[in-house]
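Presented below is the structure to which this report refers.
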Amino acid sequence: MAYDPNNIFAKILRGEIPCNKVYEDEHALAFHDINPQAPVHVLVIPKGEFVSMADFTAQAPDDLIVGFMRAVGKVAEELGLVEPGYRTLANAGANAHQEVPHLHIHIFGGQRLGPMLDRTFSA
Ligand code: 5GP
C-alpha cells in the first residue's frame, strides 16, 4: 500500500493537528489515543512515511528502526508500566482493522488487560 501523506498521524507529525504528547525524540512521537481502550493507551509513531511494520522494517534506515523501538521501550518505562505490565500491539491491514495507515504501536496498561485476542478463533 502506498503511503498517504494526508493520514491523520502524518498531520500530527507535521503539527497540523494537535495531540496530547507524552514523548518525542528525533525518531519517534508518542501521544495519548483519542479513544482510549485502557486506562493507559498511548500510540508511538516513527518519524517517517511508513504504512506498517512490514513496510517500516523493509524500508526504514537502521538508525530509525533502532531509535523507534528504543522509544517504545522508553515510553513504557516513563509511564511506569514496566513493573505492573503492559501490552504493545501494531495493527496492519484489513484483517487487523488498521484505521490509520501510518505505522503505530499501541501501548496499553493500567489494568489487567485480559486475553490477547478476541476468543472468536478455534483451531
Ligand atoms: P488502528 O486501528 O489503526 O491500529 O488504531 C488507530 C488508533 O488511532 C485508534 O485507537 C484511534 O482511536 C486513534 N486515533 C484516530 N484518530 C486519532 C487522532 O486524531 N488523535 C489521536 N490521538 N488518536 C487517534
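First listed ligand is number 1; within each ligand, the first listed atom is number 1.
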Tell me which protein heavy atom sits closest to [atom], plus the residue, atom name and distance to 0.1 Å.
| atom | result |
| --- | --- |
| atom 2 (O) of ligand 1 | His97 O, 3.1 Å |
| atom 13 (C) of ligand 1 | Asp33 OD2, 3.3 Å |
| atom 8 (O) of ligand 1 | Phe9 CZ, 3.4 Å |

Does any donor atom in the side chain of His41 or His32 lie under 3.5 Å from an acceptor atom in the other side chain?
-> no

Any side-chain heavy-atom pair of [X] and [Y] under 4.5 Å:
| X | Y | result |
| --- | --- | --- |
| Lys47 | Leu13 | yes |
| Leu103 | Ile45 | no |
| Phe68 | Phe56 | yes |
| Val40 | Tyr86 | no |

Could you list which atoms of ligand 1 come closer than 4.0 Å to a heavy atom of [X]?
| X | result |
| --- | --- |
| Val100 | 3 (O), 6 (C) |
| Asn91 | 1 (P), 2 (O), 4 (O) |
| Asn35 | 12 (O) |

Determine whether Val75 and Phe108 fall in the same hydrophobic cluster, where Ile, Leu, Val, Met, Phe, Trp and Tyr are linked whenever their side-chain heavy atoms lie under 4.5 Å apart.
-> no

Side chain, backbone, both or neither: which part of His104 comes within less than 4.0 Å of ligand 1 when only heavy atoms are counted?
-> side chain

Have a look at ligand 1 and work out which part of Asn20, if any, has a heavy atom under 4.0 Å from it: side chain, backbone, both or neither.
-> neither

Do any nitrogen or oxygen atoms of [X] come within less than 3.5 Å of a nitrogen or oxygen of ligand 1?
| X | answer |
| --- | --- |
| Ile8 | no |
| Ile34 | yes |
| His32 | yes |
| Glu99 | yes |

Sequence neighbours excluded, which residues qualify as side-chain contact (heavy atoms from CB on, under 4.5 Å) partners of Asp63?
-> His27, Pro61

With sequence neighbours left out, the residues meeting side-chain contact (heavy atoms from CB on, under 4.5 Å) with Pro5 are Tyr3, Arg14, Glu49

Answer yes or no for His106: is there a heavy-atom contact with ligand 1 below 4.0 Å?
-> yes

Looking at Gln59, His102, His104, which one forms a side-chain contact (heavy atoms from CB on, under 4.5 Å) with Phe50?
-> Gln59

